[in-house]
Colleague: 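Dropping a structure here in C-alpha coordinates format, bear with me for questions.
Just so it is clear, the values below take in all heavy atoms, side chains as well, and ignore hydrogens, waters and symmetry mates.
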Amino acid sequence: MSAPAPSTLAIVDAEPLPRQEEVLTDAALAFVAELHRQFTPRRNELLTRRGERRAEIARTSTLDFLPETAAVRADDSWKVAPAPAALNDRRVEITGPTDRKMTINALNSGAKVWLADFEDASAPTWENVVLGQLNLTDAYERRIDFTDPKSGKSYALKSADELATVVMRPRGWHLEERHLQLDGVSVPGALVDFGLYFFHNAQRLIDLGKGPYFYLPKTESHLEARLWNDIFVFAQDYVGIPQGTVRATVLIETITAAYEMEEILHELRDHAAGLNAGRWDYLFSIVKNFRDGGAKFVLPDRNAVTMTAPFMRAYTELLVRTCHKRGAHAIGGMAAFIPSRRDAEVNKVAFEKVKADKDREANDGFDGSWVAHPDLVPIALASFDAVLGEKPNQKDRLREDVSVAPGDLIAIDSLDASPTYDGLRNAVAVGIRYIEAWLRGLGAVAIFNLMEDAATAEISRSQIWQWINADVVFENGEHATADLARKVAAEELAAIREEIGEETFTAGKWQQAHDLLLQVSLDQDYADFLTLPAYEQLR
(Lines give C-alpha, C1' and ligand atoms only; values in the text may rest on other atoms or scores of the structure.)
Protein backbone atom coordinates (compact mmCIF):
# COMPACT_ATOMS: atom_id res chain seq x y z
CA MET A 1 0.00 0.00 0.00
CA SER A 2 1.42 3.40 -0.97
CA ALA A 3 2.14 6.04 1.68
CA PRO A 4 -0.53 8.73 2.09
CA ALA A 5 0.16 12.02 0.35
CA PRO A 6 1.65 14.60 2.72
CA SER A 7 -0.64 17.30 4.04
CA THR A 8 -0.68 20.58 2.17
CA LEU A 9 -0.44 24.10 3.53
CA ALA A 10 -3.70 25.81 4.37
CA ILE A 11 -4.29 29.54 3.95
CA VAL A 12 -6.08 30.54 7.14
CA ASP A 13 -8.18 33.60 8.00
CA ALA A 14 -6.83 35.70 5.13
CA GLU A 15 -8.76 37.94 2.74
CA PRO A 16 -7.90 37.15 -0.90
CA LEU A 17 -5.42 39.58 -2.46
CA PRO A 18 -5.07 40.65 -6.08
CA ARG A 19 -2.69 38.31 -7.97
CA GLN A 20 -1.97 36.23 -4.86
CA GLU A 21 -2.26 33.08 -6.98
CA GLU A 22 1.01 34.10 -8.67
CA VAL A 23 2.82 33.86 -5.32
CA LEU A 24 0.84 31.14 -3.54
CA THR A 25 1.11 28.50 -6.25
CA ASP A 26 0.65 24.84 -5.35
CA ALA A 27 4.31 24.16 -6.13
CA ALA A 28 5.57 27.05 -4.00
CA LEU A 29 3.35 26.10 -1.07
CA ALA A 30 4.52 22.47 -1.35
CA PHE A 31 8.12 23.72 -1.06
CA VAL A 32 7.31 25.83 2.00
CA ALA A 33 5.48 22.86 3.55
CA GLU A 34 8.54 20.68 3.03
CA LEU A 35 10.80 23.32 4.62
CA HIS A 36 8.40 23.38 7.57
CA ARG A 37 8.42 19.58 7.96
CA GLN A 38 12.18 19.32 7.69
CA PHE A 39 13.35 22.29 9.72
CA THR A 40 10.72 23.67 12.10
CA PRO A 41 11.45 21.03 14.79
CA ARG A 42 15.10 22.15 14.91
CA ARG A 43 14.04 25.78 14.94
CA ASN A 44 11.84 25.03 17.95
CA GLU A 45 14.75 23.35 19.76
CA LEU A 46 16.96 26.37 19.08
CA LEU A 47 14.33 28.76 20.45
CA THR A 48 14.26 26.66 23.64
CA ARG A 49 18.06 26.83 23.75
CA ARG A 50 17.87 30.64 23.60
CA GLY A 51 15.85 30.60 26.81
CA GLU A 52 18.33 28.26 28.49
CA ARG A 53 21.23 30.47 27.52
CA ARG A 54 19.41 33.55 28.81
CA ALA A 55 18.94 31.78 32.15
CA GLU A 56 22.65 30.99 32.28
CA ILE A 57 23.53 34.66 31.63
CA ALA A 58 21.11 35.67 34.40
CA ARG A 59 22.99 33.34 36.75
CA THR A 60 26.53 34.42 35.80
CA SER A 61 26.19 37.99 34.40
CA THR A 62 28.94 37.25 31.91
CA LEU A 63 29.72 35.82 28.46
CA ASP A 64 32.85 34.37 26.92
CA PHE A 65 34.08 32.95 23.63
CA LEU A 66 33.02 29.30 23.41
CA PRO A 67 35.63 26.80 24.64
CA GLU A 68 34.07 23.99 22.59
CA THR A 69 34.72 25.85 19.30
CA ALA A 70 38.24 27.08 20.08
CA ALA A 71 39.65 24.88 17.31
CA VAL A 72 37.50 26.64 14.69
CA ARG A 73 38.84 30.03 15.80
CA ALA A 74 42.44 28.79 15.95
CA ASP A 75 42.41 27.21 12.48
CA ASP A 76 43.70 29.86 10.09
CA SER A 77 43.25 27.69 7.00
CA TRP A 78 39.55 28.13 6.31
CA LYS A 79 37.89 30.97 4.42
CA VAL A 80 34.35 31.63 3.22
CA ALA A 81 33.53 31.12 -0.46
CA PRO A 82 34.63 33.97 -2.74
CA ALA A 83 31.98 36.65 -3.27
CA PRO A 84 30.00 36.46 -6.52
CA ALA A 85 30.52 39.42 -8.84
CA ALA A 86 27.13 40.94 -7.95
CA LEU A 87 28.10 41.09 -4.25
CA ASN A 88 31.78 41.98 -4.48
CA ASP A 89 31.26 45.75 -4.24
CA ARG A 90 28.85 46.64 -1.42
CA ARG A 91 30.13 50.08 -0.47
CA VAL A 92 26.62 51.51 0.00
CA GLU A 93 23.47 49.55 0.82
CA ILE A 94 20.00 51.04 1.13
CA THR A 95 17.35 49.41 3.31
CA GLY A 96 13.57 49.42 3.22
CA PRO A 97 10.32 47.49 2.90
CA THR A 98 9.12 45.89 -0.33
CA ASP A 99 6.14 48.08 -1.18
CA ARG A 100 5.91 49.02 -4.85
CA LYS A 101 7.24 52.59 -4.61
CA MET A 102 10.14 51.64 -2.32
CA THR A 103 11.09 48.75 -4.59
CA ILE A 104 11.57 51.08 -7.55
CA ASN A 105 13.23 53.88 -5.57
CA ALA A 106 15.64 51.52 -3.79
CA LEU A 107 16.65 49.74 -6.99
CA ASN A 108 17.18 53.12 -8.68
CA SER A 109 18.92 54.76 -5.69
CA GLY A 110 22.53 54.42 -6.83
CA ALA A 111 23.29 52.11 -3.90
CA LYS A 112 25.17 48.91 -4.74
CA VAL A 113 22.75 46.75 -2.69
CA TRP A 114 19.15 47.00 -1.56
CA LEU A 115 18.20 45.17 1.62
CA ALA A 116 14.65 44.23 0.64
CA ASP A 117 13.10 43.88 4.06
CA PHE A 118 10.39 41.49 5.23
CA GLU A 119 11.64 41.88 8.81
CA ASP A 120 12.00 44.97 11.02
CA ALA A 121 11.03 47.51 8.34
CA SER A 122 7.86 45.61 7.44
CA ALA A 123 4.83 44.95 9.62
CA PRO A 124 3.90 41.35 8.73
CA THR A 125 0.35 41.87 7.52
CA TRP A 126 -0.78 39.27 5.02
CA GLU A 127 -0.84 41.99 2.37
CA ASN A 128 2.79 42.98 3.05
CA VAL A 129 3.95 39.36 3.11
CA VAL A 130 2.32 38.35 -0.19
CA LEU A 131 2.42 41.56 -2.23
CA GLY A 132 6.00 42.23 -1.16
CA GLN A 133 6.96 38.96 -2.85
CA LEU A 134 4.99 39.93 -5.94
CA ASN A 135 6.74 43.32 -6.14
CA LEU A 136 10.18 41.71 -6.16
CA THR A 137 9.24 39.25 -8.89
CA ASP A 138 7.66 42.09 -10.89
CA ALA A 139 10.90 44.08 -10.53
CA TYR A 140 13.00 41.19 -11.86
CA GLU A 141 10.55 40.86 -14.77
CA ARG A 142 10.61 44.67 -15.30
CA ARG A 143 6.85 45.03 -15.01
CA ILE A 144 6.72 47.17 -11.88
CA ASP A 145 6.30 50.69 -13.35
CA PHE A 146 3.38 52.53 -11.77
CA THR A 147 1.82 55.94 -11.14
CA ASP A 148 1.07 57.03 -7.59
CA PRO A 149 -2.71 57.72 -7.50
CA LYS A 150 -2.29 60.42 -4.81
CA SER A 151 0.56 62.46 -6.29
CA GLY A 152 0.23 61.52 -9.96
CA LYS A 153 3.98 60.87 -10.03
CA SER A 154 5.22 58.03 -12.23
CA TYR A 155 7.89 55.53 -11.20
CA ALA A 156 9.95 53.33 -13.54
CA LEU A 157 13.12 51.26 -13.29
CA LYS A 158 16.42 52.47 -14.71
CA SER A 159 18.47 50.24 -17.00
CA ALA A 160 19.52 46.87 -15.55
CA ASP A 161 23.17 47.82 -15.08
CA GLU A 162 22.16 50.78 -12.87
CA LEU A 163 20.00 48.78 -10.44
CA ALA A 164 21.03 47.73 -6.93
CA THR A 165 21.60 44.05 -6.20
CA VAL A 166 18.81 42.71 -3.97
CA VAL A 167 19.64 41.05 -0.65
CA MET A 168 16.37 39.91 0.91
CA ARG A 169 15.81 39.78 4.68
CA PRO A 170 13.23 37.27 5.95
CA ARG A 171 11.65 37.45 9.39
CA GLY A 172 13.51 36.29 12.49
CA TRP A 173 13.14 32.77 13.86
CA HIS A 174 10.81 33.82 16.70
CA LEU A 175 7.90 34.91 14.48
CA GLU A 176 5.11 32.73 13.10
CA GLU A 177 3.01 33.29 9.98
CA ARG A 178 -0.49 32.62 11.26
CA HIS A 179 -2.06 32.70 7.80
CA LEU A 180 -0.13 29.64 6.56
CA GLN A 181 -0.60 26.46 8.57
CA LEU A 182 0.21 22.79 8.21
CA ASP A 183 -2.11 20.48 10.17
CA GLY A 184 -3.16 23.43 12.31
CA VAL A 185 0.41 24.55 13.12
CA SER A 186 1.62 27.94 11.90
CA VAL A 187 4.72 27.96 9.69
CA PRO A 188 7.66 30.09 10.92
CA GLY A 189 7.64 33.46 9.15
CA ALA A 190 11.29 33.00 8.21
CA LEU A 191 10.50 29.86 6.21
CA VAL A 192 7.52 31.52 4.50
CA ASP A 193 9.54 34.58 3.45
CA PHE A 194 12.61 32.62 2.42
CA GLY A 195 10.67 29.79 0.79
CA LEU A 196 8.37 31.87 -1.41
CA TYR A 197 11.20 34.17 -2.50
CA PHE A 198 13.68 31.39 -3.19
CA PHE A 199 11.22 29.15 -5.02
CA HIS A 200 10.02 31.86 -7.38
CA ASN A 201 13.25 33.78 -7.93
CA ALA A 202 16.37 31.63 -7.50
CA GLN A 203 16.62 30.61 -11.18
CA ARG A 204 15.27 33.97 -12.35
CA LEU A 205 18.08 35.75 -10.47
CA ILE A 206 20.73 33.40 -11.83
CA ASP A 207 19.48 34.21 -15.34
CA LEU A 208 19.97 37.91 -14.52
CA GLY A 209 23.59 37.30 -13.53
CA LYS A 210 22.87 37.51 -9.80
CA GLY A 211 21.53 35.02 -7.29
CA PRO A 212 19.33 34.40 -4.25
CA TYR A 213 21.03 36.52 -1.60
CA PHE A 214 19.82 36.89 1.99
CA TYR A 215 20.35 38.88 5.18
CA LEU A 216 19.78 36.68 8.25
CA PRO A 217 18.38 38.62 11.24
CA LYS A 218 18.33 38.07 15.02
CA THR A 219 20.81 35.17 14.88
CA GLU A 220 21.92 34.23 18.40
CA SER A 221 24.37 31.36 17.85
CA HIS A 222 26.41 29.37 15.34
CA LEU A 223 23.88 26.55 15.72
CA GLU A 224 21.22 28.85 14.27
CA ALA A 225 23.60 29.63 11.40
CA ARG A 226 24.03 25.85 10.91
CA LEU A 227 20.26 25.51 10.58
CA TRP A 228 20.19 28.17 7.88
CA ASN A 229 23.07 26.48 6.07
CA ASP A 230 21.21 23.17 6.03
CA ILE A 231 18.12 24.97 4.69
CA PHE A 232 20.20 26.45 1.87
CA VAL A 233 21.66 23.04 0.95
CA PHE A 234 18.20 21.46 0.92
CA ALA A 235 16.63 24.34 -1.06
CA GLN A 236 19.32 24.38 -3.76
CA ASP A 237 18.94 20.63 -4.30
CA TYR A 238 15.14 20.93 -4.31
CA VAL A 239 15.02 23.42 -7.20
CA GLY A 240 18.10 22.04 -8.94
CA ILE A 241 20.60 24.88 -8.80
CA PRO A 242 24.29 24.49 -7.92
CA GLN A 243 25.35 24.31 -4.27
CA GLY A 244 26.89 27.62 -3.19
CA THR A 245 24.56 29.75 -5.31
CA VAL A 246 22.90 31.15 -2.18
CA ARG A 247 24.80 33.83 -0.30
CA ALA A 248 23.92 35.00 3.21
CA THR A 249 25.04 38.00 5.24
CA VAL A 250 24.42 37.59 8.96
CA LEU A 251 23.41 40.52 11.12
CA ILE A 252 25.46 40.44 14.31
CA GLU A 253 22.72 42.20 16.25
CA THR A 254 22.63 40.05 19.38
CA ILE A 255 25.25 40.07 22.13
CA THR A 256 25.54 36.27 22.09
CA ALA A 257 26.29 36.23 18.34
CA ALA A 258 29.10 38.73 18.91
CA TYR A 259 30.96 35.98 20.77
CA GLU A 260 30.44 33.50 17.90
CA MET A 261 31.24 35.51 14.77
CA GLU A 262 33.93 33.16 13.48
CA GLU A 263 31.81 30.10 14.20
CA ILE A 264 28.83 31.64 12.38
CA LEU A 265 30.96 32.27 9.29
CA HIS A 266 32.39 28.75 9.57
CA GLU A 267 28.94 27.13 9.61
CA LEU A 268 27.90 29.12 6.54
CA ARG A 269 31.29 29.14 4.84
CA ASP A 270 30.07 27.81 1.46
CA HIS A 271 27.21 30.35 1.52
CA ALA A 272 28.57 33.23 3.63
CA ALA A 273 28.83 36.72 2.17
CA GLY A 274 29.63 38.73 5.29
CA LEU A 275 28.55 40.09 8.65
CA ASN A 276 26.76 43.34 9.49
CA ALA A 277 27.05 45.54 12.58
CA GLY A 278 23.81 47.12 13.79
CA ARG A 279 23.05 49.26 16.82
CA TRP A 280 19.49 49.29 18.19
CA ASP A 281 18.88 45.53 18.10
CA TYR A 282 22.35 44.94 19.53
CA LEU A 283 21.65 47.26 22.48
CA PHE A 284 18.20 45.71 22.91
CA SER A 285 19.89 42.30 23.11
CA ILE A 286 22.29 43.53 25.80
CA VAL A 287 19.39 44.80 27.92
CA LYS A 288 17.41 41.59 27.35
CA ASN A 289 20.26 39.28 28.29
CA PHE A 290 21.81 41.26 31.16
CA ARG A 291 18.65 42.69 32.67
CA ASP A 292 19.41 40.99 36.00
CA GLY A 293 23.04 42.13 36.00
CA GLY A 294 22.73 45.23 38.15
CA ALA A 295 23.81 48.83 37.74
CA LYS A 296 26.89 48.13 35.61
CA PHE A 297 24.66 46.96 32.74
CA VAL A 298 22.27 49.94 32.78
CA LEU A 299 22.44 51.75 29.46
CA PRO A 300 22.16 55.55 29.19
CA ASP A 301 19.82 57.22 26.65
CA ARG A 302 19.98 55.30 23.39
CA ASN A 303 21.22 58.33 21.45
CA ALA A 304 24.18 58.60 23.84
CA VAL A 305 25.34 55.10 22.86
CA THR A 306 27.07 55.75 19.56
CA MET A 307 29.37 53.40 17.70
CA THR A 308 32.32 55.17 19.35
CA ALA A 309 31.32 53.95 22.84
CA PRO A 310 34.16 51.64 24.00
CA PHE A 311 32.07 48.46 24.12
CA MET A 312 30.50 49.24 20.73
CA ARG A 313 33.91 49.97 19.25
CA ALA A 314 35.17 46.61 20.52
CA TYR A 315 32.23 44.93 18.78
CA THR A 316 32.67 46.67 15.42
CA GLU A 317 36.45 46.32 15.29
CA LEU A 318 36.21 42.62 16.17
CA LEU A 319 33.63 42.22 13.40
CA VAL A 320 35.91 43.79 10.78
CA ARG A 321 38.88 41.73 11.88
CA THR A 322 36.84 38.51 11.91
CA CYS A 323 35.33 39.09 8.48
CA HIS A 324 38.59 39.98 6.78
CA LYS A 325 40.48 37.11 8.41
CA ARG A 326 37.94 34.77 6.79
CA GLY A 327 37.52 36.57 3.45
CA ALA A 328 34.05 37.94 4.17
CA HIS A 329 32.60 41.44 3.75
CA ALA A 330 32.18 43.61 6.84
CA ILE A 331 29.12 45.87 6.50
CA GLY A 332 28.59 48.84 8.82
CA GLY A 333 25.57 50.37 10.49
CA MET A 334 22.60 52.49 9.53
CA ALA A 335 22.41 56.20 8.74
CA ALA A 336 18.72 56.73 9.51
CA PHE A 337 18.37 60.49 8.88
CA ILE A 338 15.54 61.60 6.58
CA PRO A 339 16.34 64.91 4.88
CA SER A 340 13.96 67.78 5.57
CA ARG A 341 12.30 69.46 2.62
CA ARG A 342 11.87 72.63 4.68
CA ASP A 343 14.94 73.12 6.88
CA ALA A 344 18.31 73.32 5.12
CA GLU A 345 20.16 73.92 8.41
CA VAL A 346 18.81 70.68 9.92
CA ASN A 347 20.05 68.88 6.80
CA LYS A 348 23.49 70.49 6.95
CA VAL A 349 24.10 69.39 10.54
CA ALA A 350 22.73 65.90 9.91
CA PHE A 351 24.70 65.38 6.71
CA GLU A 352 27.91 66.31 8.52
CA LYS A 353 27.14 63.68 11.18
CA VAL A 354 26.39 61.06 8.52
CA LYS A 355 29.65 61.87 6.73
CA ALA A 356 31.66 61.58 9.96
CA ASP A 357 30.03 58.24 10.75
CA LYS A 358 30.67 56.80 7.27
CA ASP A 359 34.23 58.19 7.20
CA ARG A 360 34.87 56.37 10.50
CA GLU A 361 33.50 53.09 9.16
CA ALA A 362 35.48 53.29 5.92
CA ASN A 363 38.68 54.12 7.80
CA ASP A 364 38.06 51.31 10.30
CA GLY A 365 38.06 48.78 7.47
CA PHE A 366 34.38 48.22 6.72
CA ASP A 367 33.62 47.32 3.11
CA GLY A 368 30.28 49.11 3.01
CA SER A 369 27.50 50.59 5.09
CA TRP A 370 23.75 51.20 5.28
CA VAL A 371 21.56 54.22 4.60
CA ALA A 372 17.79 54.59 4.93
CA HIS A 373 17.16 57.32 2.34
CA PRO A 374 18.32 57.78 -1.28
CA ASP A 375 19.64 61.30 -0.50
CA LEU A 376 22.23 59.72 1.83
CA VAL A 377 23.63 57.39 -0.83
CA PRO A 378 26.03 60.00 -2.32
CA ILE A 379 27.35 60.92 1.14
CA ALA A 380 28.13 57.33 2.09
CA LEU A 381 29.47 56.63 -1.38
CA ALA A 382 31.94 59.51 -1.10
CA SER A 383 33.24 58.23 2.25
CA PHE A 384 33.92 54.76 0.88
CA ASP A 385 35.18 55.98 -2.49
CA ALA A 386 37.81 58.04 -0.64
CA VAL A 387 39.18 54.90 1.00
CA LEU A 388 38.48 52.20 -1.61
CA GLY A 389 39.12 54.11 -4.81
CA GLU A 390 38.68 51.61 -7.65
CA LYS A 391 38.88 48.57 -5.35
CA PRO A 392 35.54 46.81 -4.73
CA ASN A 393 36.29 46.24 -1.03
CA GLN A 394 39.14 46.29 1.49
CA LYS A 395 39.09 42.66 2.64
CA ASP A 396 42.87 42.68 2.28
CA ARG A 397 43.03 44.99 5.32
CA LEU A 398 43.26 42.36 8.05
CA ARG A 399 43.13 44.62 11.14
CA GLU A 400 45.58 42.40 13.01
CA ASP A 401 46.09 45.35 15.36
CA VAL A 402 42.67 44.62 16.90
CA SER A 403 42.57 42.62 20.13
CA VAL A 404 39.28 42.25 21.97
CA ALA A 405 38.94 40.49 25.31
CA PRO A 406 35.63 38.85 26.30
CA GLY A 407 34.89 41.52 28.89
CA ASP A 408 35.38 44.37 26.40
CA LEU A 409 32.12 43.51 24.61
CA ILE A 410 30.02 43.90 27.78
CA ALA A 411 31.88 46.77 29.45
CA ILE A 412 28.73 48.90 29.47
CA ASP A 413 29.97 50.93 32.44
CA SER A 414 32.96 52.13 30.36
CA LEU A 415 30.61 54.71 28.83
CA ASP A 416 30.51 58.02 30.69
CA ALA A 417 26.79 58.79 30.33
CA SER A 418 23.62 58.30 32.39
CA PRO A 419 19.90 57.90 31.71
CA THR A 420 18.03 61.22 31.58
CA TYR A 421 14.43 62.29 32.03
CA ASP A 422 14.43 63.55 28.42
CA GLY A 423 15.64 60.10 27.40
CA LEU A 424 12.59 58.58 29.08
CA ARG A 425 10.27 61.04 27.34
CA ASN A 426 11.89 60.29 23.97
CA ALA A 427 11.61 56.52 24.49
CA VAL A 428 7.90 56.89 25.25
CA ALA A 429 7.25 59.32 22.38
CA VAL A 430 9.05 57.24 19.78
CA GLY A 431 7.63 53.97 21.13
CA ILE A 432 4.00 55.11 20.91
CA ARG A 433 4.44 56.64 17.45
CA TYR A 434 6.19 53.59 16.03
CA ILE A 435 3.84 50.99 17.49
CA GLU A 436 0.78 52.92 16.26
CA ALA A 437 2.11 52.88 12.70
CA TRP A 438 3.12 49.21 12.96
CA LEU A 439 -0.40 48.25 14.04
CA ARG A 440 -1.62 49.95 10.85
CA GLY A 441 0.75 47.81 8.77
CA LEU A 442 3.72 50.19 8.43
CA GLY A 443 7.15 48.91 9.47
CA ALA A 444 9.42 51.75 8.28
CA VAL A 445 8.24 54.98 9.91
CA ALA A 446 9.57 58.53 9.79
CA ILE A 447 9.70 59.89 13.38
CA PHE A 448 11.47 63.14 14.30
CA ASN A 449 13.47 63.16 11.01
CA LEU A 450 14.71 59.58 11.45
CA MET A 451 13.59 56.43 9.66
CA GLU A 452 12.70 54.01 12.44
CA ASP A 453 11.91 50.30 12.36
CA ALA A 454 10.94 47.68 14.94
CA ALA A 455 14.43 47.69 16.49
CA THR A 456 13.83 51.28 17.60
CA ALA A 457 10.68 50.30 19.46
CA GLU A 458 12.51 47.35 21.02
CA ILE A 459 15.34 49.46 22.46
CA SER A 460 12.86 52.17 23.55
CA ARG A 461 10.63 49.82 25.57
CA SER A 462 13.69 47.92 26.86
CA GLN A 463 15.23 51.09 28.24
CA ILE A 464 12.00 52.06 30.01
CA TRP A 465 11.84 48.54 31.51
CA GLN A 466 15.50 48.53 32.52
CA TRP A 467 15.48 51.99 34.12
CA ILE A 468 12.39 51.20 36.18
CA ASN A 469 13.73 47.85 37.35
CA ALA A 470 17.13 49.36 38.18
CA ASP A 471 15.45 52.22 40.11
CA VAL A 472 17.37 54.81 38.10
CA VAL A 473 17.34 58.39 39.45
CA PHE A 474 17.27 60.99 36.67
CA GLU A 475 19.19 64.26 36.75
CA ASN A 476 16.05 66.14 37.84
CA GLY A 477 15.77 63.97 40.96
CA GLU A 478 12.83 61.87 39.75
CA HIS A 479 12.97 58.09 40.13
CA ALA A 480 12.18 55.88 37.15
CA THR A 481 8.96 54.20 38.23
CA ALA A 482 5.97 52.60 36.56
CA ASP A 483 3.84 55.53 37.69
CA LEU A 484 6.24 58.02 36.08
CA ALA A 485 6.18 56.04 32.83
CA ARG A 486 2.36 56.04 32.88
CA LYS A 487 2.32 59.81 33.52
CA VAL A 488 4.74 60.53 30.67
CA ALA A 489 2.80 58.21 28.34
CA ALA A 490 -0.52 59.92 29.19
CA GLU A 491 1.02 63.34 28.51
CA GLU A 492 2.46 62.14 25.22
CA LEU A 493 -0.85 60.67 24.12
CA ALA A 494 -2.63 63.94 24.94
CA ALA A 495 0.01 65.91 23.00
CA ILE A 496 -0.43 63.66 19.96
CA ARG A 497 -4.21 64.07 20.12
CA GLU A 498 -3.83 67.85 20.16
CA GLU A 499 -1.21 67.83 17.40
CA ILE A 500 -3.14 65.71 14.86
CA GLY A 501 -6.73 66.53 15.80
CA GLU A 502 -9.56 64.45 17.20
CA GLU A 503 -10.72 62.93 13.90
CA THR A 504 -7.27 61.67 12.85
CA PHE A 505 -6.52 60.50 16.39
CA THR A 506 -9.72 58.47 16.57
CA ALA A 507 -9.11 56.95 13.15
CA GLY A 508 -5.65 55.73 14.24
CA LYS A 509 -4.54 53.14 16.78
CA TRP A 510 -3.07 55.55 19.31
CA GLN A 511 -4.70 54.27 22.50
CA GLN A 512 -3.89 50.71 21.51
CA ALA A 513 -0.24 51.64 20.87
CA HIS A 514 -0.02 53.50 24.20
CA ASP A 515 -1.42 50.49 26.04
CA LEU A 516 0.87 48.01 24.30
CA LEU A 517 3.97 50.11 24.97
CA LEU A 518 3.12 50.25 28.66
CA GLN A 519 2.37 46.54 28.72
CA VAL A 520 5.79 45.52 27.39
CA SER A 521 7.60 48.26 29.33
CA LEU A 522 6.02 47.60 32.74
CA ASP A 523 5.29 43.87 32.87
CA GLN A 524 7.61 42.18 35.34
CA ASP A 525 7.95 39.30 32.87
CA TYR A 526 10.03 40.90 30.14
CA ALA A 527 8.63 39.92 26.71
CA ASP A 528 11.35 38.43 24.50
CA PHE A 529 10.13 40.47 21.53
CA LEU A 530 7.66 43.35 21.36
CA THR A 531 6.47 42.02 17.99
CA LEU A 532 5.08 38.84 19.58
CA PRO A 533 2.25 40.52 21.54
CA ALA A 534 1.98 43.17 18.81
CA TYR A 535 1.39 40.48 16.14
CA GLU A 536 -1.63 39.26 18.11
CA GLN A 537 -3.14 42.72 17.58
CA LEU A 538 -2.11 43.13 13.93
CA ARG A 539 -5.22 42.73 11.82
Side-chain angles (χ1 to χ4, degrees), residues 39 42-43 45-47 49-50 53-54 57 63-83 87 90 115 119 167-174 190 194 213-233 244 246-279 281-282 285-286 289 314-333 365-368 395 398-399 402 404 406 408-410:
F39 299 108
R42 268 176 63 194
R43 171 265 200 175
E45 290 169 8
L46 289 168
L47 290 184
R49 186 177 179 275
R50 285 183 179 183
R53 194 168 194 194
R54 215 315 277 174
I57 293 169
L63 274 169
D64 202 345
F65 301 111
L66 300 179
E68 63 267 31
T69 52
V72 171
R73 298 192 298 276
D75 180 358
D76 290 338
S77 66
W78 65 269
K79 297 273 192 292
V80 304
L87 276 183
R90 305 178 62 173
L115 186 161
E119 200 232 1
V167 180
M168 184 273 223
R169 180 162 72 168
R171 279 169 280 182
W173 279 128
H174 58 288
F194 166 81
Y213 306 142
F214 299 92
Y215 259 110
L216 305 181
K218 308 286 193 292
T219 301
E220 296 197 16
S221 74
H222 71 285
L223 297 179
E224 294 180 16
R226 182 182 298 171
L227 172 58
W228 270 117
N229 196 72
D230 290 347
I231 289 168
F232 297 154
V233 170
V246 168
R247 284 293 191 278
T249 305
V250 180
L251 293 111
I252 303 299
E253 55 187 356
T254 67
I255 186 62
T256 52
Y259 286 85
E260 300 183 37
M261 288 193 253
E262 285 196 80
E263 294 90 332
I264 286 167
L265 286 176
H266 185 260
E267 293 292 347
L268 286 159
R269 59 194 178 278
D270 295 331
H271 301 107
L275 303 177
N276 166 269
R279 183 157 52 133
D281 262 322
Y282 189 75
S285 173
I286 290 173
N289 281 286
Y315 149 62
T316 56
E317 296 215 301
L318 180 62
L319 187 144
V320 172
R321 176 171 179 166
T322 300
C323 285
H324 290 182
K325 177 183 178 184
R326 302 304 181 183
H329 280 73
I331 307 298
F366 281 97
D367 303 292
K395 290 192 284 190
L398 297 179
R399 290 306 312 269
V402 171
V404 174
D408 296 344
L409 294 168
I410 50 174

Colleague: For Ser221 and Arg53: C-alpha separation, side-chain torsions, deciding distance, then whether side chain to side chain donor-acceptor pair (under 3.5 Å) applies.
Modeller: CA-CA 10 Å; Ser221 74; Arg53 194 168 194 194; 5.4 Å; no

Colleague: Taking the side chain as everything from C-beta on, heavy atoms only, tell me whether Leu223 gets closer than 4.5 Å to Glu45.
Modeller: no

Colleague: Counting distance only, does the side-chain N/O of Tyr259 pair as donor-acceptor with the main-chain N or O of Pro406 below 3.5 Å?
Modeller: yes

Colleague: Can you sort out the partners of Tyr282 under side chain to side chain donor-acceptor pair (under 3.5 Å), two or more places apart, ordered by chain and number?
Modeller: none

Colleague: Is the side chain of Thr322 donor-acceptor paired with the backbone N or O of Glu262 at a distance under 3.5 Å, no angle test?
Modeller: no

Colleague: Less than 4.5 Å apart, side chain to side chain, heavy atoms only: is that true for Arg54 and Asn289?
Modeller: yes

Colleague: Could you tell me which residues satisfy ring pair (Phe, Tyr, Trp, His ring centres under 6.0 Å) with Trp173, sequence neighbours excluded, listed by chain and number?
Modeller: Trp228

Colleague: Give a yes or no on whether the backbone of Val320 and the side-chain of Arg399 come within a donor-acceptor separation of less than 3.5 Å.
Modeller: no

Colleague: Find out whether Leu216 and Leu268 are in side-chain contact, i.e. whether some heavy atom of one side chain is under 4.5 Å from a heavy atom of the other.
Modeller: yes

Colleague: So, the side chain of Thr254 versus the backbone of Thr219: is there a donor-acceptor pair under 3.5 Å, distance only?
Modeller: yes

Colleague: Do Leu227 and Leu46 have side chains that approach each other closer than 4.5 Å (heavy atoms only, starting at C-beta)?
Modeller: yes

Colleague: Do the rings of His271 and Phe232 sit parallel, tilted or perpendicular, given the 30° and 60° boundaries?
Modeller: perpendicular

Colleague: Would you say the side chain of Arg326 lies within less than 4.5 Å of the side chain of Met261, judging by non-hydrogen atoms?
Modeller: no

Colleague: Report yes if some heavy atom in the side chain of Lys79 is under 4.5 Å from a heavy atom in the side chain of Arg269; otherwise report no.
Modeller: no

Colleague: Run the salt-bridge test on Lys218 and Asp281 with the 4.0 Å N-O cut-off and return the result as yes or no.
Modeller: yes

Colleague: Output all residues satisfying ring pair (Phe, Tyr, Trp, His ring centres under 6.0 Å) with Tyr213, sequence neighbours left out; order by chain, then residue number.
Modeller: none

Colleague: Start with the C-alpha distance between Ile331 and Tyr215, add both sets of side-chain angles, then the distance that settles side-chain contact (heavy atoms from CB on, under 4.5 Å), and finish with yes or no.
Modeller: CA-CA 11 Å; Ile331 307 298; Tyr215 259 110; 3.7 Å; yes

Colleague: Between Val72 and His222, is any pair of side-chain heavy atoms under 4.5 Å apart?
Modeller: no

Colleague: Less than 4.5 Å apart, side chain to side chain, heavy atoms only: is that true for Asp408 and Leu318?
Modeller: no

Colleague: For Leu87 and His329, what are the C-alpha separation, side-chain angles and deciding distance, and is it a side-chain contact (heavy atoms from CB on, under 4.5 Å)?
Modeller: CA-CA 9 Å; Leu87 276 183; His329 280 73; 5.7 Å; no

Colleague: When you measure from the side chain of Asn276 to the backbone of Gly332, do you find a donor-acceptor pair of N or O atoms at a distance under 3.5 Å?
Modeller: yes

